[in-house]
Amino acid sequence: MTTPSKLALVPFVSVDNMMKLVNKIGPAQMIAEIADYIETDFKRWELFDKTPRVAAHSDEGVIELMPTSDGESYGFKYVNGHPANMARGFQTVTAFGVLARVDNGYPVLLSEMTILTALRTAATSALVAKYLAPKGSKVMAMIGNGAQCEFQALAFQTIVGIDTVRLYDIDPEATAKAARNLATTGLNVISCTSPEEAVAGAQIITTCTADKQYATILTDNMVGAGVHINAIGGDCPGKTELHRDILLRSDIFVEYPPQTRIEGEIQQLDEDHPVTELWRVMTGQAEGRRDAQQITLFDSVGFATEDFSALRYIRDQLATHDTFIELDMLADPDDPRDLFGMVARAAS
């Protein structure tokens with residue numbers, strides 16, 4: 001058996017490896033550290049190649065590729081979204097990603113990204129809220145208590161400082177699951193029986209539902225002055241969560257307008273409806289929250305730079321955490337021109 005050369009090996013972070021890493025570092029700390037990487041990359045936004053994700057839609061869901069590069073490293077994520085999966089015993093969202101060197105094209109990391117996407121989505125949400133939510137926010141309503149719920153709650157507790165989360169889901173079992181998982185976090189967890197009850201007294205409203213359809217999770221009368229809305233469930237054409245009138249009352253902040261206008265809540269609005277890019281807020285080129293009466297809306301669809309940031313973070317952790325295996329992934333013949341010969345010699 002031929003021993004792979006060093007150049008043939010690529011670090012692979014499996015699901016098991018990722019869970020070990022999360023538990024070694026701690027989920028709250030890991031979310032906060034990923035948020036720092038995301039903020040760093042937003043502040044150098046203009047360096048990145050940017051394109052709306054490449055999506056293959058079907059009646060059942062969507063499969064997407066999300067590529068980007070900062071000129072030194074290249075990253076992409078493969079991710080699906082299939083709302084009916086849960087009823088069939090599958091995850092709604094699964095993902096994996098690759099980070100590579102630009103100078104020679106060699107991958108330097110292959111990683112699971114189902115767990116990592118949950119971490120980076122929560123990190124992005126709370127990072128944005130740090131700029132947009134009312135100062136001193138303590139109460140968040142969490143509408144949609146599926147796989148993302150607990151990560152969001154931890155992120156907002158750690159980065160924003162909330163102490164209370166009010167849960168609602170159309171499936172009471174999902175709410176009960178989330179309440180159990182959050183019981184030891186120090187958060188005051190309140191299970192609610194309606195979205196109206198959940199938003200009562202909340203300074204931050206997070207919506208995270210899965211149905212691939214135009215939906216009205218929040219109606220206009222549910223949103224009072226001064227609230228910050230973190231809308232993360234609407235992320236593809238034909239899928240929204242907010243009534244259009246809420247959008248018209250809000251100052252809307254987005255990751256990458258060409259993608260958000262296709263996939264986000266603002267697909268309900270005219271193509272020239274004004275929005276503010278988050279990188280401009282983070283670099284001081286645009287204003288975030290102006291006053292206590294303003295309704296701010298993060299129309300979140302997820303963008304490739306956030307996955308790039310998360311992959312950079314994981315790559316850096318591997319220097320101090322032995323939570324990976326090496327895959328024999330790249331052919332490395334002694335003579336780069338003799339790939340056939342390498343294959344033929346392996347038979348002997």
Side-chain angles (χ1 to χ4, degrees), residues 13-16 18-19 22 51-68 75-98 110-125 142-152 167-178 181 195 206-218 230-242 255-256 259-268 298-304 306-308 310-311:
V13 178
S14 67
V15 172
D16 183 58
M18 186 64 73
M19 292 191 294
V22 172
T51 183
R53 56 185 146 210
V54 181
H57 294 279
S58 68
D59 291 340
E60 292 78 20
V62 63
I63 295 173
E64 301 166 332
L65 292 177
M66 301 172 65
T68 192
F76 78 84
K77 181 173 79 174
Y78 167 102
V79 60
N80 77 293
H82 286 69
N85 267 5
M86 188 178 69
R88 299 183 291 182
F90 299 105
Q91 282 288 108
T92 301
V93 176
T94 64
F96 67 88
V98 171
L110 172 63
S111 179
E112 84 79 39
M113 288 195 76
T114 307
I115 297 168
L116 187 56
T117 294
L119 293 163
R120 77 86 165 135
T121 301
T124 303
S125 292
M142 185 78 212
I143 301 176
N145 302 155
Q148 180 64 211
C149 174
E150 296 90 338
F151 296 95
Q152 291 281 324
L167 303 175
Y168 172 73
D169 195 287
I170 58 172
D171 181 0
E173 291 185 6
T175 300
K177 174 271 304 181
N181 287 339
T206 292
T207 58
C208 185
T209 59
D211 283 348
K212 189 182 177 185
Q213 62 180 356
Y214 291 114
T216 305
I217 307 304
L218 287 184
N230 175 42
I232 61 176
D235 58 2
C236 68
K239 181 184 177 190
T240 60
E241 297 181 309
L242 309 184
E255 293 138 318
Y256 182 57
Q259 179 173 300
T260 310
R261 292 193 189 279
I262 296 169
E263 301 177 351
E265 297 296 328
I266 59 173
Q267 65 186 276
Q268 303 178 64
F298 175 29
D299 190 359
S300 170
V301 295
F303 190 63
E306 296 152 21
D307 299 306
F308 180 92
L311 287 167

Would you say [X] and [Y] make side-chain contact, with heavy atoms under 4.5 Å?
{"X": "Q259", "Y": "V301", "value": "yes"}
{"X": "H82", "Y": "I63", "value": "yes"}
{"X": "T240", "Y": "Q268", "value": "yes"}
{"X": "C208", "Y": "Q152", "value": "no"}
{"X": "L218", "Y": "I143", "value": "yes"}
{"X": "M19", "Y": "I115", "value": "yes"}
{"X": "E241", "Y": "E265", "value": "yes"}
{"X": "E263", "Y": "E64", "value": "yes"}

With A95 via side chain to side chain contact (heavy atoms under 4.5 Å, CB included) - residues at least two apart |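 Listed in chain order: K77, V79, M113, T117.
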Looking at [X] and [Y], what are the two nearest heavy atoms and their distance?
{"X": "A304", "Y": "P67", "answer": "CB-O, 3.5 Å"}
{"X": "V93", "Y": "G81", "answer": "CG2-CA, 4.4 Å"}
{"X": "S125", "Y": "F298", "answer": "CA-CE2, 4.2 Å"}
{"X": "L167", "Y": "A178", "answer": "CD1-CB, 3.9 Å"}
{"X": "E255", "Y": "F303", "answer": "OE2-N, 3.8 Å"}
{"X": "P83", "Y": "G61", "answer": "CD-CA, 4.5 Å"}

Determine, stepwise, if the pair E112 / S14 fulfils side-chain contact (heavy atoms from CB on, under 4.5 Å).
-> CA-CA 6 Å; E112 84 79 39; S14 67; over 6 Å; no
To the nearest 0.5 angstrom, please state how far the [atom1] atom of [X] sits from the [atom2] atom of [Y].
{"X": "Y168", "Y": "T207", "atom1": "OH", "atom2": "OG1", "result": "13.5 Å"}
{"X": "T124", "Y": "N230", "atom1": "OG1", "atom2": "CG", "result": "9.5 Å"}
{"X": "T206", "Y": "I232", "atom1": "OG1", "atom2": "CD1", "result": "6.0 Å"}
{"X": "Q148", "Y": "T92", "atom1": "CD", "atom2": "OG1", "result": "12.0 Å"}
{"X": "T121", "Y": "D307", "atom1": "OG1", "atom2": "CG", "result": "7.5 Å"}
{"X": "N181", "Y": "E150", "atom1": "CG", "atom2": "CD", "result": "4.5 Å"}

Begin from the C-alpha positions of M66 and E306 and carry the test side-chain contact (heavy atoms from CB on, under 4.5 Å) through to its verdict.
-> CA-CA 10 Å; M66 301 172 65; E306 296 152 21; over 6 Å; no
Evaluation steps, side-chain contact (heavy atoms from CB on, under 4.5 Å), between T68 and T51 = CA-CA 8 Å; T68 192; T51 183; over 6 Å; no
Donor-acceptor under 3.5 Å (D299 side chain, T260 main chain) =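 Looks like no, no N/O pair under 3.5 Å.
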Report yes or no: do D169 and T175 form a side-chain donor-acceptor pair below 3.5 Å?
->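 Distance-only check fails for D169 and T175.
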Any side-chain donor near an acceptor of the partner, T94 and N80, under 3.5 Å =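 Their side chains do contain a donor-acceptor pair, which is all the 3.5 Å distance test asks for.
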With F96 via ring-ring contact (aromatic ring centres under 6.0 Å, His included) - residues at least two apart =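 In terms of ring-ring contact (aromatic ring centres under 6.0 Å, His included), with neighbours along the sequence ignored, F96 is linked to Y78.
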